[in-house]
Amino acid sequence: MNILDIIQDGVAKGVKELYDHDIDPSSVNLSGTRKEFEGDYTVVVFPFTKAAKKKPDVIGEELGNYLTQNIGQLVRFNVIKGFLNLVVSDDYWTDFLQDIAQQEQYGQHQPNGKKVMVEFSSPNTNKPLHLGHIRNILLGWSTSRILEAAGYEVVRVQIVNDRGIAICKSMLAWQKFGEGATPESMGKKSDHFVGHFYVLFEQKFKEEYTAWQASEEGQKVFAEKQKKDQDQTAFFKAYKNTYFNEYSALGQEAKSMLLQWEAGDEATIALWKKMNNWVYQGFDVTYQNLGVHFDKLYYESNTYLLGKETVLNGLENSTFYKKEDGSVWIDLEDAKLDHKLVLRSDGTSVYMTQDIGTAQLRYQDYGVDKMVYVVADEQDYHFKVLFEILKRLGEPYADGLHHLSYGMVDLPSGKMKSREGTVVDADDLMAEVKEEARMNSGERGTIIDLPKEEQDDIIRKIGLAALKYFIVRVNPQKRMTFDPKESVDMQGQTGPYIQNAFVRIQSVLRKAGEIDFAKAKDYTTLQPQEKDIILQLFDFPNIIEQAANDYDPSHVGAYCYNLAKSFHKFYHDLPMLKAETEAAKVFRLMLSTQLAKTLQFGMDLLGIEMPHKM
RNA sequence: GGUCCCGUAGCUCAGCUGGAUAGAGCAACUGACUUCUAAUCAGUAGGUCACAGGUUCGAAUCCUGUCGGGAUCACCA
């Protein structure tokens, strides 16, 4: 039992003994004491006023006396209004520090025997990764690390959208206009190379469309189908999809390529494989630079036919129903989700059907208890429906499904739009942030004596820390504004600020040399700065648990920042190597050591590495 | 129009199951470096928690409504 449980338990017993009233220990409202008052933890006594029939401050006094008499670890208390502030003995905290120093990895929970699958990234294969993918990948990666720290076994997967009209556009453009070019011949990273042809297709298509708009046929369509008060520009903007499907020569070619692909045409498949392999090679580099990896990739080309059988089975037991045209639907009105199509009238699968099949496939592959899908919030409705269907199908993992929904990333200038060229490329962004770190480091000259290779490694760690922390500190649910200028900031609430705390500790430890931590036991009276740190260290496992339960890495981000901040203050206020006594010196070094280890582990959960110098 | 998400300092964001005088960072201003390396610390200033009701001893937090922003409501993925 840790001190929090002991206090809650004690309060419950005290309320029973003093006021003859039963309460659940876990319902006792216990929080950290605010800085301006003395105390480590605060019990809110308002809830007991009814049972006790006394004023809050009287209850506080009585309960405070009871607790300090019955709980050895509590040494003092004070009451302010309805708040009972409790002071835990320094002995308890110094013992706690000794205790975590013995642990192999403080914060890492025991295995809980459960397996969770986390799906993230899941890009289309027609163009390179961008800032939106980065948020997805960082969220997915850090969530998976946090789940591991919370005791889960984790399987990292993605579903690669390697088929469909988008990749056909890249393929067609390369075939028509590429003249046999390769990434090597053009000197481009291979995923960017494929993206180049996707953009080229869109350009050619736009030219074609513009010409058509002025043509006799285009003008005729406009005259016939325009809505009232709709001008020509607005009409043709809205008409683009229809044009692509019904009039466009390029559209026709792309569509027939898709049909050939589905028919298994050899030449088309070969081209498709060639283009996709280029993309994968490029993605691999980006993933490696980001420091993430996957256990298994699912490809849509293998899964897009799945789920149909399940739907047909479900048709027999009336989970689904068939319309006259042969299409199959599910009625989710009682779950406020309307009716949803699951098989087309020609019997083929739709997105939803695939996802049903893929979920089942994954369960067969790994037998997981939970599945987490990291997908942007524009698909909230889709996942609500998917989860409801899987529940009605009685899938064993249905209660463990979670959509980690995150908001889109905006730029200060507004939304990212590929058509307007405002999309921030993932590779470019990483390069920029490293460049900024290089310039910063150059100005300081603190690592100039190190070998070039080591300098580069440090600079990479700092740059990526700035970028990653900037993104991962924001609550996933919220839409976020990504200001490139702020993302390379290295002062204040940033990744490098946190790294700097770690680096400072490494520097002091290097100077300290051999330390006999046993001497720390002679240090018995804690300074406020020291206690502040210990209390935060004590909180670490809870933070991890909470972040895992909420699927929210930003909790860990905030925690690491606060811990680093407390360290910087401690470092400023109290000497370590020149401490007043040997015991104080050793104790502070031990405290710093544990803090550094905790910071390193916490930041690792966010996918951020610590340099030893900076 | 139906449904869902968001709205906190000039800007970017915290604020745990309702708890004390709503907190950080950036930007602005002031101070602290022959130091355990200042990517740091200390301080000043900055708020009608979108708005209006309601529940409660107590509401940024829960409920209802209004306004503003976004998403979604395809035999697309």
Side-chain angles (χ1 to χ4, degrees), chain A residues 26-27 29 31-34 36-37 42 44-47 49-50 56 80-83 85 124 161 163-166 241 300 304 323 325-329 336-338 340-346 348 350-352 354-355 376-382 384 405 407-408 410 412 415 437 440-441 443-444 446 462 466 470 473-475 477-483 485-487 489-501 503-505 507-512 542-543 546 550 554-555 557-558 561-562 564-565 567-569 571-579 588-589 592 613-614:
Chain A
S26 66
S27 74
N29 193 322
S31 56
T33 302
R34 290 178 68 106
E36 56 267 41
F37 306 110
T42 296
V44 183
V45 304
F46 286 107
T49 49
K50 267 188 187 159
I80 295 167
K81 293 194 259 180
F83 300 90
N85 302 321
N124 290 324
N161 298 305
R163 62 171 286 277
I165 196 70
N241 269 336
E300 201 176 81
Y304 79 109
K323 280 194 183 173
D325 63 3
S327 59
V328 179
W329 297 70
K336 288 193 209 166
L337 290 169
D338 217 333
K340 191 79 192 171
L341 176 99
V342 288
L343 283 182
R344 297 192 183 95
S345 50
D346 64 4
T348 54
V350 290
Y351 181 41
M352 189 65 69
Q354 293 171 41
D355 271 2
D377 62 8
E378 59 191 355
Q379 296 198 37
D380 283 356
Y381 177 72
H382 172 77
K384 273 186 188 164
S405 165
M408 295 291 185
D410 291 325
K415 291 171 77 164
N440 241 295
S441 180
E443 280 172 23
R444 290 168 219 279
T446 43
I462 296 172
F470 187 76
R473 61 181 250 264
V474 180
N475 180 333
Q477 196 180 28
K478 289 193 177 176
R479 216 179 164 90
M480 71 173 287
T481 306
F482 184 90
D483 187 337
K485 282 204 287 289
E486 284 180 29
S487 73
D489 276 351
M490 304 195 178
Q491 286 163 10
Q493 192 174 2
T494 66
Y497 172 95
I498 300 169
Q499 289 178 319
N500 187 231
V503 166
R504 281 180 140 181
I505 293 168
S507 171
V508 172
L509 291 176
R510 275 195 296 271
K511 291 202 171 160
N542 296 330
I543 297 290
Q546 197 193 334
D550 295 352
S554 69
H555 292 319
Y561 171 70
N562 287 326
K565 190 174 154 77
F567 172 77
H568 282 305
K569 181 167 176 55
Y571 179 88
H572 178 267
D573 292 353
L574 302 170
M576 283 189 263
L577 299 178
K578 293 176 193 162
R588 284 172 195 160
L589 289 171
S592 298
K613 291 184 176 173
M614 65 192 286

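- If you check C36(B), C4(B), U40(B) against the side chain of Asn500(A), the one that comes closest is U40(B).
- The phosphate of A42(B) (OP1 or OP2) has a side-chain N or O of Lys569(A) nearer than 4.0 angstrom.
- For the pair Asn124(A) CG and A77(B) C1', the interatomic distance rounds to 8 Å; values are reported in whole Å.
- Side-chain proximity of Tyr571(A) to U72(B), U21(B), C36(B): nearest is C36(B).
- Cation-pi contact between Arg473(A) and Tyr561(A): absent, since separation from the ring centre below 6.0 Å together with deviation from the ring axis within 45° is not met.
- Computed from coordinates, the His572(A) NE2 to U37(B) C1' distance equals 14 Å when rounded to whole Å.
- The side chain of Ser507(A) places an N or O atom within less than 4.0 Å of a non-bridging phosphate oxygen (OP1 or OP2) of U37(B).
- Rounded to the nearest 0.5 Å, atoms CG (Leu337(A)) and NZ (Lys384(A)) are 7.0 Å apart.
- Projected onto RNA chain B by closest heavy-atom contact, Asn161(A) and Met614(A) fall at different nucleotides, the more 5' of which corresponds to Met614(A).
- Listed nucleotides: U72(B), C36(B), G25(B). Nearest to the side chain of Glu378(A): U72(B).
- A donor-acceptor contact under 3.5 Å links the side chain of Asn85(A) to the base of A20(B).
- Atom CD1 in Ile498(A) sits 13.5 Å away from atom CZ in Phe567(A) (nearest 0.5 Å).
- At a threshold of 4.0 angstrom between heavy atoms, the contacts of Ser27(A) with the nucleic acid are absent.
- Distances from the side chain of Met576(A) to the nucleotides A77(B), C5(B), C36(B) place C36(B) closest.
- Straight-line distance between the C1' atoms of A59(B) and A22(B): roughly 12 Å, to the nearest whole Å.
- Here Phe37(A) counts as stacked on A20(B): its ring centre is under 5.5 angstrom from the base ring centre and the planes meet at under 30°.
- Between Lys565(A) and Tyr497(A) the shortest heavy-atom distance is CA-OH, 3.0 Å.
- Lys613(A) is not listed as a side-chain neighbour of Thr446(A), based on a closest heavy-atom distance of 4.5 Å or more.
- Considering only the side chain of Pro496(A), A39(B) comes nearest among A39(B), A71(B), A77(B).
- Atom P of nucleotide A27(B) and atom CG of Asp483(A) are separated by 12 Å, given to the nearest angstrom.
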Intra- and inter-strand pairing of RNA chain B, written as dot-bracket with Watson-Crick and G-U pairs under 3.5 Å and | for the latter, reads (((((((..((((.....[...)))).(((((.......))))).....(((((..]....))))))))))))....
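- Using a 4.0 Å heavy-atom distance criterion, Leu343(A) is classed as making no nucleic acid contact.
- If you check every strand for non-hydrogen atoms under 4.0 Å, Glu300(A) touches sugar and phosphate atoms only.
- In this structure, Tyr497(A) reaches the C41(B) phosphate: one of its side-chain N or O atoms is under 4.0 Å from OP1 or OP2.
- For the residue pair Thr494(A)/Asp489(A), the side-chain donor-acceptor check at 3.5 Å is not satisfied.
- Within the structure, every side-chain polar atom (N or O) of Lys336(A) is placed at least 4.0 Å from both OP1 and OP2 of C4(B).
- One finds the CD atom of Glu378(A) at 3.0 Å from the CE atom of Met408(A) (value rounded to the nearest 0.5 Å).
- The interatomic distance linking Tyr304(A) (OH) with C76(B) (C1') rounds to 15 Å, in whole Å.
- Scanning all heavy atoms of the two residues, the minimum distance from Gln477(A) to Asp377(A) falls at O-OD2, 4.5 Å.
- Residue-level contact check: Arg504(A) touches the backbone only, with heavy atoms under 4.0 Å from sugar-phosphate atoms and none from bases.
- Residue Met490(A) holds its CE atom at 7.0 Å from CD1 of Ile462(A), rounded to the nearest 0.5 Å.
- Both geometric conditions, a ring-centre gap below 5.5 Å and a plane tilt below 30°, are not fulfilled together for Tyr351(A) over the base of C76(B).
- For the C1' atom pair drawn from C26(B) and G68(B), the interatomic distance equals 26 Å after rounding to whole Å.
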Protein-proximity profile, nucleotides 12-19 of chain B, B/S/- by nucleotide at the 4.0 Å heavy-atom cutoff, equals BSSSS--B
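- Regarding contacts with the backbone of C11(B), every side-chain N or O of Lys485(A) stays at 4.0 angstrom or more from both OP1 and OP2.
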